[in-house]
Amino acid sequence: MKIESITESQSSTSCISPEALLLCSLVYALTVSMSDSFYALTLASIVPVLLLIRNRFILSSLVRLNAFNLIMIITLAMTWPSLTEGIMKGLTIALRVNMIYILFGTLIYPMGYARIFSALNSLNVPEKLRVLLLLTLRGIFILHERFSSALISLRLRAPNLHGLMKFRAFAYITASVLLQSSERSERMMRAIQCRGGFAGFIQTEHKRLRIHDVIVCLCFIFYSCSVIILNYA
Amino acid sequence: MHISEGVLSGTALIAGWAGTVTCTAIGLKKTDTSKIVRTALLSSAFFLASLVNIRIGPSSTHLSLLAPVGLILGWSSFPAMLVALFLQAILFHFGGLVVLGVNTFIMGIPAVLVHVVFGKMMRSENRIFSGIMAFIAGTLAVMTGACLAGVFLGLSDKNFLEAAKLLFYAHIPLALIEGAVTSFMIMFIRKTSPEFLS
């Protein structure tokens with residue numbers, strides 16, 4: 001997977017506020033995770049099926065996901081007390097994984113990190129954690145650039161590293177990149193302090209839940225409650 | 001070591017989130033504002049380590065850097081890991097948002113554990129002793145993480161315990177590699193910039 005693939009994209013649900021989408025998805029995902037019965041999972045699968053029809057771009061990643069699920073089903077079939085029960089358990093988990101993945105893959109992941117950060121801001125996540133999130137995202141790009149160039153130079157100088165030498169080279173590269181970046185981070189920290197500390201560091205949009213966001217949330221809560229009731233009935 | 005969405009029961013998910021919220025609150029309280037950039041840097045390194053594949057024979061694995069993060073950050077490793085795992089979930093779909101609490105707990109506890117047990121030993125006068133202790137810390141961190149993953153799987157369904165045993169054995173080669181990498185990293189940092197460990 002390439003770090004360059006981190007991009008923002010427009011979602012078809014951009015009219016709904018990100019915090020409403022995040023809350024609804026989490027409530028739904030938690031409900032699905034707690035459901036075991038066939039009827040409850042059938043009811044819960046309505047929303048993912050509708051989302052899948054509208055967003056077919058997710059199909060290719062579902063194939064990859066289910067390749068992993070297949071390995072999981074085989075493992076459970078071998079380790080469960082009964083083969084049939086193991087396969088059934090594996091299939092139930094695979095169904096849940098697919099449903100949650102479709103929901104997050106169509107509603108949350110395409111929002112892009114800027115809207116997700118905005119949602120976290122509106123949901124009153126502690127400021128230290130939000131600053132840490134922003135700085136980590138920034139650090140990923142810096143470290144990735146330095147780490148990639150160090151790895152390229154290592155491959156050019158020693159293309160056939162084996163055994164312990166390989167891990168030693170990897171450890172030295174990681175440690176030296178960390179130390180170099182640490183010096184830079186100290187300068188960055190001083191610059192942030194010169195600009196007035198972390199006051200107003202987060203410049204994300206503050207939105208309040210609008211009437212259609214509230215309706216979406218209520219619908220999702222009602223839907224999730226129906227799934228839970230059916231599961232325990 | 002990431003547990004996927006849909007595997008764990010409600011009880012295990014709630015237990016994981018309760019542990020993570022408590023430990024992250026402690027971690028945030030202990031994280032000084034001046035150290036937040038360093039915490040973010042280690043969090044980025046933890047994120048990137050999972051993208052670097054290391055070939056072992058016909059298969060490949062990725063490092064987690066649990067022990068180096070724990071030894072350098074201490075309790076701050078909890079918020080650092082929460083943030084890194086959150087970004088992994090939203091950007092690369094590793095793990096997931098519902099199991100984020102459990103995954104953070106599984107990886108945060110070993111990091112804090114190695115800090116408490118081995119933290120002072122890393123600053124020992126004897127370089128070889130520190131290297132050996134770092135190797136043990138690296139190995140122990142991965143094995144503790146695998147054990148905790150097994151505990152959460154067992155909490156969801158007792159029948160998962162056999163699969164959890166398989167998971168534990170599969171982590172042994174990774175634990176040894178992680179131990180070696182931690183040992184070399186700590187020895188390098190001690191030699192070039194010892195204040196980074198303080």
Side-chain angles (χ1 to χ4, degrees), chain A residues 1 3 6 25-26 29-30 32-34 61 68 72 75-76 79-81 85 89 93-94 96-97 99-101 104-105 108-109 113 116 126 128-129 131-133 135-140 142-144 147 164 166-168 170-172 174-176 178-179 181-182 185-186 188-189 192 197-198, chain B residues 4-10 13 24-25 28 31 33-34 36-45 47-49 51-52 54 63 65 68 79-80 82-84 86-87 89-93 96-99 157 159-163 165-166 177 180-186 188-189 192-193 196:
Chain A
M1 239 178 258
I3 197 90
I6 300 176
S25 308
L26 287 176
L30 194 64
V32 170
S33 300
M34 290 163 77
S61 36
F68 170 76
M72 185 260 304
T75 313
L76 288 185
T79 54
W80 223 253
E85 274 179 34
K89 182 74 184 176
I93 292 171
R96 280 194 216 142
V97 172
M99 281 154 62
I100 296 172
Y101 187 81
F104 283 146
I108 304 297
Y109 302 145
Y113 48 84
I116 293 175
K128 238 183 211 177
L129 207 58
V131 171
L132 189 62
L133 197 61
L135 293 176
T136 302
L137 195 62
R138 186 179 166 171
I140 286 169
I142 297 168
L143 282 188
H144 180 255
F147 199 78
L164 209 58
K166 186 164 74 177
F167 302 124
R168 193 173 179 173
F170 178 81
Y172 284 180
T174 312
S176 64
L178 268 180
L179 291 176
S181 308
S182 171
S185 73
E186 297 299 328
M188 212 166 99
M189 192 64 218
I192 290 170
F198 288 115
Chain B
S4 170
E5 297 271 30
V7 177
L8 298 177
S9 68
L13 289 171
T24 306
L28 282 175
T31 308
T33 316
S34 62
I36 209 158
V37 183
R38 180 182 280 195
T39 311
L41 195 75
L42 265 296
S43 182
S44 310
F47 177 98
L48 283 173
L51 301 181
V52 180
I54 293 177
L63 295 177
L65 301 185
L82 178 67
V83 163
F86 176 76
L87 287 173
I90 62 165
L91 300 174
F92 293 128
H93 317 161
L97 293 179
V98 178
V99 283
D157 195 323
N159 294 321
F160 270 130
L161 286 173
E162 282 300 315
K165 271 184 202 166
L166 268 180
I177 295 170
V181 170
T182 308
S183 175
F184 289 132
M185 269 184 82
I186 295 296
F188 183 87
I189 292 172
T192 54
S193 185
F196 200 71

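To find a chain, count down the sequence lines: A is the first, B the second, and so on, and within it residues start at 1. When reading the values below, keep in mind they use all heavy atoms of this one structure, side chains included, and skip hydrogens, waters and symmetry mates. It should be emphasised that the depicted structure is a prediction, and the values quoted were computed from it without experimental measurement.
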[X] versus chain A, heavy atoms under 4.5 Å apart: side chain, backbone, both or neither?
| X | answer |
| --- | --- |
| L65(B) | side chain |
| S43(B) | both |
| I90(B) | both |
| L28(B) | both |
| F160(B) | both |
| L166(B) | side chain |

Restricting to non-hydrogen atoms, name the atom on [X] and the atom on [Y] that form the minimum distance, rounded to 0.1 Å.
| X | Y | answer |
| --- | --- | --- |
| E5(B) | L97(B) | OE2-N, 2.9 Å |
| F184(B) | R168(A) | CD1-CA, 3.5 Å |
| V98(B) | S33(A) | CG1-OG, 4.1 Å |
| L135(A) | A40(B) | CB-CB, 3.5 Å |
| Y101(A) | S61(A) | OH-CB, 3.4 Å |

Do [X] and [Y] have side chains that get closer than 4.5 Å, going by heavy atoms?
| X | Y | answer |
| --- | --- | --- |
| P81(A) | N159(B) | yes |
| M185(B) | V181(B) | yes |
| E162(B) | W80(A) | no |

Residue [X] versus chain B: region with a heavy atom under 4.5 Å:
| X | value |
| --- | --- |
| V32(A) | neither |
| L164(A) | both |
| L133(A) | both |
| S176(A) | both |
| S182(A) | both |
| L129(A) | both |
| L178(A) | both |
| F104(A) | side chain |

Report the option among [options] that has the most heavy-atom pairs separated by less than 4.5 Å from atoms of chain A.
| options | result |
| --- | --- |
| T24(B), D157(B), T192(B) | D157(B) |
| S183(B), A180(B), A89(B) | A89(B) |
| S9(B), P79(B), P68(B) | P79(B) |

Inset, instruction - Please determine, among V97(A), I142(A), I108(A), the option with the most heavy-atom pairs under 4.5 Å with chain B. - result: V97(A)

Legend entry - Inter-residue atom distance L143(A).CG - R138(A).CZ, 0.5 Å rounding: 12.0 Å

Legend entry - Pair F170(A)-F147(A), ring pair (Phe, Tyr, Trp, His ring centres under 6.0 Å): steps then yes or no: CA-CA 10 Å; F170(A) 178 81; F147(A) 199 78; 5.7 Å; yes

